[in-house]
Amino acid sequence: MSSPEAPPRQLRYVEALCEAFDQEMARDPSVFVFGLDVDDHKAIQGSTKGLLAKFGPERVFTTPLSEDAMTGIAIGAAMAGMRPVHVHIRMDFLLLAMNQLVNIAAKAHYMWGGQVKVPLVVRSMIGKSWGQGAQHSQGLHSMFMHVPGLKVVAPSNAHDAKGCMIAAIRDDNPVIFMEHRLLYPTQSEVAAEPFTVEPGKARICTRGDDLTVVGISNMAQEAIRAAELLHEVGVAAEVIDPIWLAPLDIETIAASAKRTGRLLVVDNGWTMAGASAEIIAGVAERVDGVRARRMGFAPTTCPTSPWLEEHFYPNPGTIAAAAWTLARPAEKPWAPSPQSTKLAYQVQFKGPF
Amino acid sequence: MSSPEAPPRQLRYVEALCEAFDQEMARDPSVFVFGLDVDDHKAIQGSTKGLLAKFGPERVFTTPLSEDAMTGIAIGAAMAGMRPVHVHIRMDFLLLAMNQLVNIAAKAHYMWGGQVKVPLVVRSMIGKSWGQGAQHSQGLHSMFMHVPGLKVVAPSNAHDAKGCMIAAIRDDNPVIFMEHRLLYPTQSEVAAEPFTVEPGKARICTRGDDLTVVGISNMAQEAIRAAELLHEVGVAAEVIDPIWLAPLDIETIAASAKRTGRLLVVDNGWTMAGASAEIIAGVAERVDGVRARRMGFAPTTCPTSPWLEEHFYPNPGTIAAAAWTLARPAEKPWAPSPQSTKLAYQVQFKGPF
Amino acid sequence: MPKAFAASRSDIERIYRAIRRIRRVEEVTAEIYPSDKIKSPVHLAIGQELVSVGVCDALRPDDVAGGSYRSHAVFLAKGGDLNAMMAEMYGKDTGCCRGKGGSMHIGDAAVGVAGSSAVVATQIPMLAGFALALKREGKGRVAVVFLGDGATEEGCFYETLNFAALAKLPLLLVCENNGYAIHEPIAKRRARPDGLCAVAEAIGVPARKITDGNTFAVRDAAAAAIARIREGGGPEFIEVQVYRWREHVGPNEDFDQDYRCRSEAEPWMAGDEVARLAALIDPATRQRIDGEIEAEIAAAVRFAEESPAPAPEELYADVFA
Amino acid sequence: MPKAFAASRSDIERIYRAIRRIRRVEEVTAEIYPSDKIKSPVHLAIGQELVSVGVCDALRPDDVAGGSYRSHAVFLAKGGDLNAMMAEMYGKDTGCCRGKGGSMHIGDAAVGVAGSSAVVATQIPMLAGFALALKREGKGRVAVVFLGDGATEEGCFYETLNFAALAKLPLLLVCENNGYAIHEPIAKRRARPDGLCAVAEAIGVPARKITDGNTFAVRDAAAAAIARIREGGGPEFIEVQVYRWREHVGPNEDFDQDYRCRSEAEPWMAGDEVARLAALIDPATRQRIDGEIEAEIAAAVRFAEESPAPAPEELYADVFA
Ligand SMILES: Cc1ncc(C[n+]2csc(CCOP(=O)(O)OP(=O)(O)O)c2C)c(N)n1
Ligand SMILES: Cc1ncc(C[n+]2csc(CCOP(=O)(O)OP(=O)(O)O)c2C)c(N)n1
Ligand SMILES: [Mg+2]
Ligand SMILES: [Mg+2]
């Protein structure tokens with residue numbers, strides 16, 4: 001839908017989100033945005049900035065610290081015809097809302113025989129770095145992917161942030177919208193008009209024949225950086241960003257893996273019974289003979305110490321090294337130099353938040 | 001640890017559980033059993049029968065309907081040195097306790113630097129049949145497998161129920177103990193003395209060279225029945241019951257799959273980003289060239305209508321048919337007759353519970 | 001229990017019809033149940049019908065109501081389709097949820113039955129969400145949520161009370177306090193078993209308790225509260241003491257189990273509203289009403305029995321809207 | 001604010017030392033913070049120290065206490081090791097959690113600091129669980145949980161109050177009501193902002209509110225409550241009105257942000273307990289105490305700075321016990 005004449009325009013991820021709310025709230029009076037702190041001066045890192053002034057406190061409001069009930073209230077409002085966007089500053093807090101999300105939101109349309117719909121968007125942010133630690137850093141998308149009736153999306157750039165948010169708001173189903181704090185300051189070209197990035201379509205970010213690398217959420221960015229590093233040593237990686245995790249575009253991934261014969265899945269979450277397991281299993285069911293590996297959070301709780309946190313997450317260096325081993329099994333291991341693995345967006349970031 | 005002289009003795013699954021509590025509570029005064037309805041005359045289908053009379057209301061007690069707080073209370077008591085067994089009559093209700101289980105129980109030992117331990121057992125029952133429906137039928141083990149710091153176990157017979165429960169109670173970590181309502185009346189040989197079925201060891205239930213079938217929870221029983229049906233048509237299935245899902249004995253499964261070259265995983269839960277995905281991915285990472293398929297709940301909410309519920313679950317017939325196709329790809333599809341697929345334990349079962 | 005509310009003849013007849021109809025639906029359901037044609041847990045409302053009837057009598061058709069797994073009475077009192085409810089229990093395609101919800105999840109959006117939920121207390125915030133939408137709509141519509149005493153122990157009950165009061169939502173919370181959660185008496189579950197209204201008030205929701213088992217007392221209290229709520233007064237809480245005559249789940253009595261005894265039930269049975277109201281109606285009218293009810297129920301059972309089962313592919317329908 | 005509690009000289013000196021020590025640790029932490037050596041969110045207790053100090057002064061060493069992410073004061077008042085806390089903030093191997101918890105998750109099991117949690121209110125049932133264990137043990141030990149006003153809005157707060165009262169747990173709940181959750185004032189979050197004690201009472205937990213910012217008032221109320229709790233009287237609730245001087249998270253003041261203004265803080269700063277108690281102590285003693293505190297803190301910072309980082313393989317340790 002983006003107009004061909006509009007001049008290219010760079011927007012930050014948070015600005016892109018905010019623009020999505022702004023445009024959708026103007027278009028549809030049933031849309032409202034609420035959740036702890038959406039209306040304060042920090043405005044969820046700027047992603048809800050200006051909405052209160054423009055749309056008023058009935059459509060932009062904070063809540064008590066009551067994630068469980070507030071989720072149920074959002075669901076009821078959605079069933080009654082509204083389009084709530086419920087905001088959480090950490091994905092970890094969704095664990096308080098699991099009952100409502102899984103037992104009601106995911107099931108309402110089905111268990112009441114199609115009588116009701118739950119057009120609800122649940123935004124949450126993943127924290128990383130500066131010691132966010134055990135309870136402020138989790139990427140729990142896999143738990144939601146597991147449940148029929150929920151859609152799950154994890155945009156990795158500003159363009160997709162806007163397009164996915166508009167698609168999520170217009171979707172008649174509950175959508176778990178996973179953002180990543182480290183992506184907030186990153187910029188990309190974003191059309192000024194409303195547009196959608198529709199559920200169920202992955203994006204091939206880089207082309208390559210040596211292996212397929214799937215990167216989820218910010219790991220798509222890390223994988224692209226890894227692909228650059230691999231390029232320097234003659235390995236051509238095809239990086240795929242699934243964007244939507246449910247519905248998942250497994251066909252695009254499987255087609256790529258079939259061609260390259262090698263699949264590395266890098267998740268911003270734990271691997272065990274997670275999104276990366278799903279992608280490998282889904283490909284294995286469709287294509288014979290693909291060699292597959294996954295990476296994600298270390299199988300530990302997230303520590304705060306920077307010396308440990310460093311090893312908890314995949315990064316472009318470890319991704320490139322794993323990709324090398326997968327693509328060049330006969331050759332000796334290789335890893336890029338530590339200096340070359342830093343991502344611009346990670347260097348920018350500064351605590352305490 | 002079972003004594004060789006003791007005569008073989010058949011016990012029902014619920015009786016085996018009850019015996020585990022009885023023996024462990026007698027052995028260790030820090031063990032207590034609590035949760036909604038553990039002390040009423042139905043005694044959780046008999047699995048807590050007699051405990052109140054024997055150990056008194058301080059060690060066997062019901063609670064208010066407050067799953068979230070009661071889980072936190074169990075965690076605190078465990079941190080303080082007790083060994084709580086917290087009982088839920090449906091696994092679906094654990095969604096109310098996710099915050100405490102994932103954000104505290106799983107992380108406490110790690111995030112407090114090893115200062116505390118959480119020797120907690122969380123028992124929950126999966127409902128099936130007679131229209132349990134959307135909110136009383138879920139097998140949510142995959143969500144717990146996903147989280148480092150939690151152990152997850154799903155015994156499929158009375159022997160393992162006792163041995164796993166004793167192991168779980170003695171374990172210094174939080175254990176999610178998943179039972180299946182349909183298994184409750186099933187009998188098997190159970191040693192009278194206390195014994196443990198230790199974490200991280202799968203069991204090969206039947207030997208076979210044509211394919212490996214992994215069955216989780218009651219699907220282990222369904223898979224064994226399917227193997228009998230397959231045997232009649234000359235297909236030899238190696239059925240594996242993982243018993244413990246975390247830690248998962250992927251090596252035993254991978255070794256079998258390597259030998260048979262074919263892997264069918266049948267879960268009592270959804271497949272997407274679930275235990276079955278984990279098993280296939282884990283095998284794919286270890287062994288090249290295994291052809292893999294999974295089965296589980298239909299990718300829908302569980303309906304109550306018997307005409308729909310019938311198609312929601314894998315059963316020995318559909319498992320056998322899928323195994324046939326996997327093992328005999330060149331031949332035309334086969335399925336056993338509907339009459340031959342019924343399991344004794346399913347026929348026994350009668351609602352409304 | 002004193003029972004002295006002024007009510008017109010037509011009020012009495014209407015209320016009697018509504019209560020008796022639900023009672024009979026429940027009794028017929030209990031009779032059918034052992035046949036195993038209803039393959040779904042049922043939680044009967046027998047003995048508690050007066051609450052739904054009294055409250056719903058004070059509602060407008062465009063108001064919204066919802067409850068727990070024990071919601072046959074709410075469904076029928078609010079105008080839900082009896083045929084569709086019976087077919088739902090039978091798991092038929094013509095059921096109100098097309099056979100996917102069963103007894104615990106009945107709903108009828110067309111007449112404002114928002115749906116019922118089987119995880120205790122989950123419906124409380126859900127109905128508050130409806131109230132939020134109705135408030136924004138600004139047409140004076142009200143949402144009512146029915147809940148058990150056990151549901152008041154769940155965190156979301158308190159959380160909802162606070163938000164509803166804070167946002168002045170048009171929400172009426174009606175607690176059917178039958179003194180038990182399954183087999184556990186409230187004294188084993190609440191430090192202050194008599195404190196439900198005090199809790200609501202402390203959080204900021206005006207509360208009122210009705211103990212005399214009188215349908216008109218419930219109706220009058222509900223009508224007064226609903227009038228205030230419609231005017232923007234914010235949420236209110238009504239606790240009604242009732243007694244469950246049958247077992248928690250299933251069709252039978254259970255006084256032979258060791259958790260309660262018949263003598264506890266007897267005063268409630270003696271004061272039964274079905275019988276009391278029946279006695280206030282002239283026999284001819286009463287016979288007519290009763291006859292109509294029996295005919296309607298018989299037709300509903302026939303409808304359910306004769307309705308087609310859902311086709312297998314229906315399993316996959318309606319996962320997503 | 002009237003401040004007229006009887007206290008001995010040694011009481012005053014002990015309390016002054018405890019409060020001033022925490023204040024200075026927080027101030028030094030704030031000074032270090034911009035260096036980025038502390039790579040972890042910190043939520044300072046400045047202005048609220050009196051609550052932890054007053055309550056912990058009434059505890060026995062074998063009692064147990066825990067709180068939220070804002071628990072430096074609880075940790076230190078209960079006797080937690082300062083070196084270990086400072087090293088924890090630095091992410092060092094010598095930290096109380098070996099660098100895995102950071103400022104938000106400090107604990108010191110050896111002296112009964114049960115640990116602090118960063119998901120608001122999660123610590124409330126956790127400490128009730130400790131209380132359950134202590135009750136079973138039967139040695140009269142008590143558990144104390146510190147929580148913010150925001151934490152009282154979470155369902156588990158109410159659920160815990162009810163169970164604690166029902167089971168007569170030896171639990172003292174101490175709410176540090178600073179009027180804000182991050183930047184949101186309590187009036188935007190509670191229908192009855194002044195109703196916290198009423199809620200506790202309605203559920204069945206005796207409650208008391210202290211508004212005058214006096215450490216001895218807190219101590220005396222806590223001591224009385226704890227004495228009753230030790231005797232088996234069951235849980236009690238104390239709400240203490242306080243004010244947070246710095247931003248919600250991080251080292252700075254934030255009166256230039258548009259959610260609150262300095263004039264709101266000024267009465268609290270004017271009545272600051274550190275200054276008030278200092279004035280009650282003779283200058284020489286005070287100087288000695290202050291000097292000891294500075295030396296201790298300087299040593300702790302040195303300890304943290306010089307401690308080794310955890311080895312990479314530590315990442316994988318302690319996932320399971
Ligand atoms: C969250 C949750 N916990 C436990 C259960 C099991 N359960 C079903 S009904 C019930 C009792 C509820 O009592 P109450 O709210 O008083 O309703 P009543 O059955 O008396 O109408 C319980 C504990 C459940 N369905 N949901
Ligand atoms: C369950 C949960 N919801 C939201 C947050 C984000 N959050 C962190 S601190 C805070 C405010 C808590 O306020 P209060 O309990 O009054 O404590 P204070 O910070 O004032 O000491 C919020 C909302 C969280 N950490 N946990
Ligand atoms: Mg009840
Ligand atoms: Mg506060």
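Computed from heavy atoms alone, side chains included, the values below leave out hydrogens, waters and symmetry copies. Only a predicted model underlies this, so the values are computations on that prediction, with no experimental measurement involved. Lettering follows sequence order; numbering is per chain, from 1.
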* Asked: How about D:Glu26 and D:His72: does a side-chain donor come under 3.5 Å of a side-chain acceptor?
  -> yes
* Separation of A:Met125 CE from A:Leu183 CG (nearest 0.5 Å) -> 11.5 Å
* Is it true that the side chains of D:Asn252 and D:Tyr33 contain a donor and an acceptor less than 3.5 Å apart? -> no
* Structure fact -> Among D:Glu153, D:Glu313, D:Arg189, the residue with the most heavy-atom pairs under 4.5 Å to chain A is D:Glu153
* To do: Can you tell which part of A:Asp92 gets under 4.5 Å to a heavy atom of chain D, answering side chain, backbone, both or neither?
  => neither
* Asked: Charged N to carboxylate O below 4.0 Å: is that the case for D:Arg244 and D:Glu176?
  -> no
* To do: Select one option (side chain, backbone, both, neither) describing which atoms of A:Thr63 are under 4.5 Å from chain D's heavy atoms.
  => backbone
* Between D:Ala309, D:Ala121, D:Ala317, D:Ala311, the one whose heavy-atom pairs under 4.5 Å with chain A are most numerous -> D:Ala309
* **chain D contact via A:His311 - side chain, backbone, both or neither, heavy atoms under 4.5 Å** => both
* **Under 4.5 Å from a heavy atom of chain D, the part of A:Glu310 involved** => neither
* Quick one: which of D:Gly155, D:Gly95, D:Ser117 has the most heavy-atom pairs under 4.5 Å with chain A, could you say? => D:Ser117
* When D:Asn177 is tested against each of D:Gln48, D:Glu239, D:Gln241, D:Lys209 for side chain to side chain donor-acceptor pair (under 3.5 Å), which residue passes? -> D:Glu239
* **chain D contact via A:Leu96 - side chain, backbone, both or neither, heavy atoms under 4.5 Å** => side chain
* Asked: Should the ring pair D:Tyr243 and D:Phe255 be called parallel, tilted or perpendicular, given that the plane angle runs from 0 to 90° and is split at 30 and 60?
  -> parallel
* Give the member of A:Leu95, A:Asp39, A:Leu36 that has the highest number of heavy-atom pairs under 4.5 Å with chain D. => A:Asp39
* To do: Using a cut-off of under 4.5 Å on heavy-atom pairs, state which of D:Met104, D:His105, D:Met89, D:Glu314 scores highest against chain A.
  => D:His105
* **Region of A:Asp68 that comes under 4.5 Å of a non-hydrogen atom in chain D** => neither
* **Derivation of the ring pair (Phe, Tyr, Trp, His ring centres under 6.0 Å) call for D:Tyr180 and D:Tyr259** => CA-CA 10 Å; D:Tyr180 288 93; D:Tyr259 78 101; 5.5 Å; yes
* **Top contributor to chain A contacts, counting heavy-atom pairs under 4.5 Å, from D:Val119, D:Asp318, D:Val319** => D:Val119
